[in-house]
2 protein chains.
Amino acid sequence: MSEQLSLRAERLRAAGHKLTHARLSVLRVLEESGGHVTSAEVLERVSALDASIGRASVFRTLDLFTSLLIVRPTYIDSSVTPTYVLMPEGHHHHIICTNCNRVIEFEDCCLSEMTAELEARLGVKLTGHLVEFYGLCDRCRQ
Amino acid sequence: MSEQLSLRAERLRAAGHKLTHARLSVLRVLEESGGHVTSAEVLERVSALDASIGRASVFRTLDLFTSLLIVRPTYIDSSVTPTYVLMPEGHHHHIICTNCNRVIEFEDCCLSEMTAELEARLGVKLTGHLVEFYGLCDRCRQ
DNA sequence: AACTTAATTGATACTCTATCTCAATTAGAA
DNA sequence: TTCTAATTGAGATAGAGTATCAATTAAGTT
């Protein structure tokens, strides 16, 4: 198959990891889902794609992607199952309605100043961020 | 016992929930731990405080606190157990080192402008936020 | 202080997510 | 092709979180 590698697959290879069938399948599922999927959903879709891929590999891959900041687990509904969020350029922003649990994503953020300030003050090197707002969405606000 | 109620306990009551022994115990454990505790740690410490408090109540309470934004589950190490973060005034900010998993908390953030802008543009009413930065801490930066 | 009742609780059995183990397979370099 | 360490799949296992339901309790009312 004339696979066109995504940028994330390149990052995976650049970090010294093999581009295995299982990993590329999980990545494909994540990218096609547009982010915001639970591990159960990833498991199900990966199985639909190729039933021979094992559960353990899917979880191992999600952990690997998390450590590489390709994906970030967050909580939406309760404290139970994490929802995996794809991090397009290493950052992600959304609003969670505390009434109906709807997720509203937005693109722009003005954290580059804060990033520079923190790096200077704390001596850290920051590569990404996640911003979650909580509140009532337009519908639930009445 | 001459219990001096914390502000969070008042918020709990104001939201129409009973101030039960189990809930106050979980709240006390969370406040004494300074945030950043796993459910297993909360379970253990609540048990140490009063062994008669059941597991189910602790989980129910953590879910209740999450829905009230008294606490927010986030992921630190892997995709496994959530770490509960106490939200002092409805917002919380930290840096997670992607190498050693150290958590660096910082206080000030400049998101009030972004909050106002989002409320105006999207018609939402925002009550809190969580900001997570990822990168290398000063030690791991070499 | 006793009464009332809906909210909450604890015990425990259960479900289901995620992990561990290890022999078999595979990606990628030589 | 050959080689080897990384990775995999299967399935048993661990352990986090839930469901159920009778018993208890917080807190308003009298």
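Small disclaimer: the values here were computed from a predicted structure and weren't measured. Lettering of chains follows the sequences in order, A, B, ..., and the numbering in each one begins at 1.
Among the heavy atoms of the strands, none lies under 4.0 Å from A:Leu43. Here A:Ala22 lies in heavy-atom contact (under 4.0 Å) with sugar-phosphate atoms only. A:Arg55 comes within 4.0 angstrom of a nucleotide base, judged by non-hydrogen atoms across all strands.
For the pair B:Ser25 and B:Val46, the tightest heavy-atom approach, listed with the atom from each and the gap, is O-CG2, 4.3 Å.
Relative to the side chain of B:Arg60, the nucleotides D:dT20, C:dA18, D:dT7 differ in distance, and D:dT20 lies closest. Out of C:dT9, C:dT12, D:dA10, the shortest distance to the side chain of B:Ala56 is found at C:dT12.
Distances shown here put every side-chain N or O of B:Ser39 at or beyond 4.0 Å from the OP1 or OP2 atom of D:dA16.
One atom, CZ of B:Arg23, and another, P of C:dG10, lie 11 Å apart when rounded to the nearest Å. The CG atom of A:Asp63 sits 9 Å away from the P atom of C:dA18 (whole-angstrom rounding). Rounded to a whole Å, the CG atom of B:Leu62 is 16 Å from the C1' atom of C:dT8. Nucleotide D:dT8 holds its P atom 9 Å from the CG atom of A:Leu64, rounded to whole Å. Nucleotide D:dT7 holds its C1' atom 13 Å from the CZ atom of A:Phe65, rounded to whole Å. Regarding B:Glu41, its CD atom lies at a distance of 14 Å from the C1' atom of D:dA16, rounded to whole Å. If you measure from atom CZ of B:Phe59 to atom C1' of C:dC16, you get 14 Å, rounded to the nearest angstrom. At whole-Å resolution of the value, CD1 in A:Ile53 and P in C:dT25 are 17 Å apart.
Surrounding CD of B:Glu44 are at most 12 heavy atoms belonging to other residues, nucleotides or ligands under 6.0 Å away.
A distance below 6.0 Å separates the ring centres of B:His36 and B:His92.
In this structure, B:Phe133 and B:Phe106 have tilted ring planes: the angle between them lies in the 30° to 60° band.
Note that CG of A:Leu126 is 11.5 Å distant from OH of B:Tyr134, once rounded to the nearest 0.5 Å.
A side-chain donor-acceptor contact under 3.5 Å links A:Arg11 to the backbone of A:Leu68. A distance-only check finds a donor-acceptor pair linking the side chain of B:Arg23 to the backbone of B:Lys18 [under 3.5 Å].
Remark: B:Glu132 engages A:Arg72 in a salt bridge, criterion side-chain N to carboxylate O under 4.0 Å.
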Under 3.5 Å, which protein N or O atoms sit close to an N or O of nucleotides 26-30 of chain C? Give each pair with its distance.
from: C:dA27; atom 1: N3; to: A:Lys18; atom 2: NZ; distance (Å): 3.0
from: C:dG28; atom 1: OP1; to: A:Leu19; atom 2: N; distance (Å): 3.0

With side-chain hydrogen bond (donor to acceptor under 3.5 Å, both in side chains) as the test, would you mind laying out the steps for B:Arg60 and B:Ser57 before giving the verdict?
CA-CA 5 Å; B:Arg60 277 186 291 234; B:Ser57 291; 3.2 Å; yes
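The terminal axes of the helix from C:dA1-D:dT30 to C:dA30-D:dT1, fitted over 5 pairs per end, subtend an angle of 60° to the nearest 10°.
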